[in-house]
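Have a look at the structure below before the remarks.
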There are 2 protein chains.
Amino acid sequence: MARVPVDPLRLDQQLCFALYAASRAVTRAYGPLLEPLGLTYPQYLVLLVLFEGEPRSVRELGEALGLDSGTLTPLLKRLEASGLVKRKRDAEDERVVRVSLTRKAMALHETLQDVPRQMVCKFGGDPERPGDLADIARLREALHALTRRLEPPPG
Amino acid sequence: MARVPVDPLRLDQQLCFALYAASRAVTRAYGPLLEPLGLTYPQYLVLLVLFEGEPRSVRELGEALGLDSGTLTPLLKRLEASGLVKRKRDAEDERVVRVSLTRKAMALHETLQDVPRQMVCKFGGDPERPGDLADIARLREALHALTRRLEPPPG
DNA sequence: CACGATTCAATCGCATGCAATCAAAAAAAG
DNA sequence: CTTTTTTTGATTGCATGCGATTGAATCGTG
């Protein structure tokens, strides 16, 4: 069991770079699926949040995605320009903007159903094989755990 | 063993989002360490590549990091403006630009030695505990494998 | 009620990412 | 040796991310 000293700054030793590279690779892999639908990857994520419940305030979307208004406001304006979301000031509290889906977006929901399965294939897995799905689930949980440790809730 | 059908579009089911969120969380975690040194995270990565061998052409840097000249050219100009790298057209082949480190950058190399250890702590691990380092290594390898599957070499 | 603190979205500035295009240089074809 | 193709980096345009600031609305407290 020889202990070989390793340069701690070597790129291929960095978890951060592995994450950075994998994240960009996955985002790129979504491109061919989303671009024909007129969606970017972050826009797709916003729709996923809204599919789970509407309407959502900009703050709620930001909490779900870890993005701030500086990123979300222009992104939402583009989604609005695409006819996929509506933005409306809350009458009760004029500070908040409630974002909801259009009919067009709800129709997109059907089209998007197949996207995750296609992505599993791109990941090199078989969507029919439980083992492959379990591998993905394990990796996903490890990443969520890492994110939680880096961003402790404001408790 | 009840099989509960799960909405495949649920955000917390997406490996892509786990990656996306974790990558941004890690990049943010580097901020406090790099900002005092006048570095951004991608600039830090470029320096890591150069620490492993100089000079490097823009193409070589791009291959190592998975970035193209559209990203690297302005980034390298900023690193040059910071006095950390030199850029010089190759006399043999006027197409290539060779990027090398300045004395200032080599001095930075010393300062950066401790960064990876500090990051392990932020990840919630103990740099002295081999088990924690092994966990990080496993996650890193899983991510590298995913990236490779998504970007098969042009063979 | 007054008023300072807080919340919320928008705006601004800067630094990526990345596709598409360009121009120059070099290599390959003929 | 000339033409064509390829390689390499730069440039442009667009869409994020994100810190910092702003401005409006609301809340908390006295």
Side-chain angles (χ1 to χ4, degrees), chain A residues 17 20-32 34-36 38-46 55-63 65-82 85 87-99 151 154, chain B residues 17 19-32 34-36 38-46 55-63 65-82 84-85 87-99 151 154:
Chain A
F17 175 65
Y20 170 80
S23 178
R24 284 184 298 117
V26 168
T27 299
R28 268 196 301 273
Y30 270 90
L34 299 181
E35 188 271 329
L39 283 177
T40 66
Y41 176 69
Q43 291 170 8
Y44 166 75
L45 292 180
V46 167
R56 296 287 181 96
S57 69
V58 174
R59 184 186 62 76
E60 287 168 332
L61 288 173
E63 278 177 5
L65 296 171
L67 296 171
D68 68 4
S69 70
T71 298
L72 285 174
T73 295
L75 188 156
L76 291 170
K77 284 183 178 176
R78 283 187 284 269
L79 274 181
E80 189 175 39
S82 302
V85 307
R87 298 187 314 138
K88 192 167 160 44
R89 287 273 167 192
D90 189 309
E92 305 291 314
D93 187 338
E94 288 283 346
R95 289 172 303 181
V96 341
V97 168
R98 303 224 162 271
V99 182
E151 301 178 330
Chain B
F17 176 65
L19 264 170
Y20 170 79
S23 178
R24 284 184 298 117
V26 168
T27 300
R28 269 197 299 274
Y30 270 90
L34 298 181
E35 188 272 330
L39 283 177
T40 65
Y41 175 69
Q43 290 170 7
Y44 166 74
L45 292 181
V46 167
R56 295 286 181 96
S57 69
V58 174
R59 184 186 62 77
E60 288 168 333
L61 289 173
E63 278 177 5
L65 296 170
L67 297 171
D68 67 4
S69 71
T71 299
L72 284 173
T73 296
L75 187 157
L76 290 170
K77 285 183 178 175
R78 282 186 284 270
L79 273 180
E80 188 175 40
S82 302
L84 291 172
V85 306
R87 297 187 314 139
K88 192 166 161 43
R89 287 275 167 193
D90 188 307
E92 304 292 313
D93 186 338
E94 286 284 345
R95 290 173 303 181
V96 339
V97 168
R98 303 227 160 270
V99 182
E151 300 177 331

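Convention: sequence-line order gives letters A, B, ...; per-chain numbering from 1.
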Review point. Under 4.0 Å: is that the gap between some side-chain N or O of A:R24 and OP1 or OP2 of C:dC18?
Key: yes
Exercise for review: Classify the side chain of A:T40 versus the base of D:dA15 as yes if they form a donor-acceptor pair under 3.5 Å and no if they do not.
Suggested key: no
Review point. Do the side-chain N or O atoms of B:R89 get closer than 4.0 angstrom to the phosphate oxygens (OP1, OP2) of D:dG9?
Key: no
Exercise for review: State which of C:dA9, D:dT16, D:dC18 makes the closest approach to the side chain of A:S69.
Suggested key: C:dA9
Check your understanding: So what does B:T27 hit on the nucleic acid, given a heavy-atom distance under 4.0 Å: a base, only sugar-phosphate, or nothing?
Key -> nothing
Check your understanding: Under 3.5 Å, is there an N or O donor on one side and an acceptor on the other linking the side chain of B:R59 and the base of D:dT8?
Key -> no
Practice item. Quick one: label A:D93 by what it contacts on the DNA or RNA (base, sugar-phosphate, nothing), any heavy atom closer than 4.0 Å. Key: sugar-phosphate
Point to revise | Sugar-phosphate only, base, or nothing, as touched by B:E92 at under 4.0 Å among non-hydrogen atoms | key: sugar-phosphate
Review point. Mapping B:Q43 and A:S57 onto DNA chain C by nearest heavy atom, which one lands closer to the 5' end?
Key: A:S57
Check your understanding: In terms of the nearest nucleotide of DNA chain C, which residue is placed more toward the 5' end: B:P42 or A:K77?
Key -> A:K77
Practice item. List the steps and the verdict of salt bridge (charged side-chain N to carboxylate O under 4.0 Å, His left out) for A:E94 and A:R89. Key: CA-CA 6 Å; A:E94 288 283 346; A:R89 287 273 167 192; 5.4 Å; no
Review point. With sugar-phosphate meaning primed atoms plus P, OP1 and OP2, does B:G66 contact a base, only sugar-phosphate, or nothing at under 4.0 Å between heavy atoms?
Key: sugar-phosphate
Check your understanding: Relative to each other, are the rings of B:Y20 and A:Y41 parallel, tilted or perpendicular (30° and 60° limits)?
Key -> perpendicular
Check your understanding: Can you tell which of C:dT7, C:dT16, D:dG9 lies closest to the side chain of A:R95?
Key -> C:dT7
Review point. Can a side chain N or O of B:R28 be found less than 4.0 Å away from OP1 or OP2 on D:dC18?
Key: yes
Check your understanding: What nucleic acid atoms does A:L72 come within less than 4.0 Å of, heavy atoms only: base, sugar-phosphate, or nothing?
Key -> nothing
Practice item. Report the nucleotide, chosen from C:dA9, D:dG9, C:dA25, that has the shortest atom-to-atom distance to any side-chain atom of A:V58. Key: C:dA9
**Study point:** Separation between OG of B:S69 and CG of B:L76, rounded to the nearest 0.5 Å
**Key:** 10.0 Å
Review point. Between A:Y20 and C:dG17, does any side-chain N or O lie under 4.0 Å from OP1 or OP2?
Key: yes
Review point. Are any of A:R87's side-chain N or O atoms less than 4.0 Å away from OP1 or OP2 of C:dA10?
Key: yes
Check your understanding: Hey, does the side chain of B:T73 come within less than 4.0 Å of D:dA10's phosphate (OP1/OP2), counting only N and O?
Key -> yes
Exercise for review: Over all heavy atoms of both residues, which pair between A:Q43 and A:G38 is shortest? Give the atoms and the distance, please.
Suggested key: OE1-O, 3.9 Å
Check your understanding: So, is B:R78 close to the C:dT16 phosphate, meaning a side-chain N or O under 4.0 Å from OP1 or OP2?
Key -> yes
**Study point:** Exam field: side chain B:E80 to backbone B:K77, donor-acceptor pair closer than 3.5 Å
**Key:** no
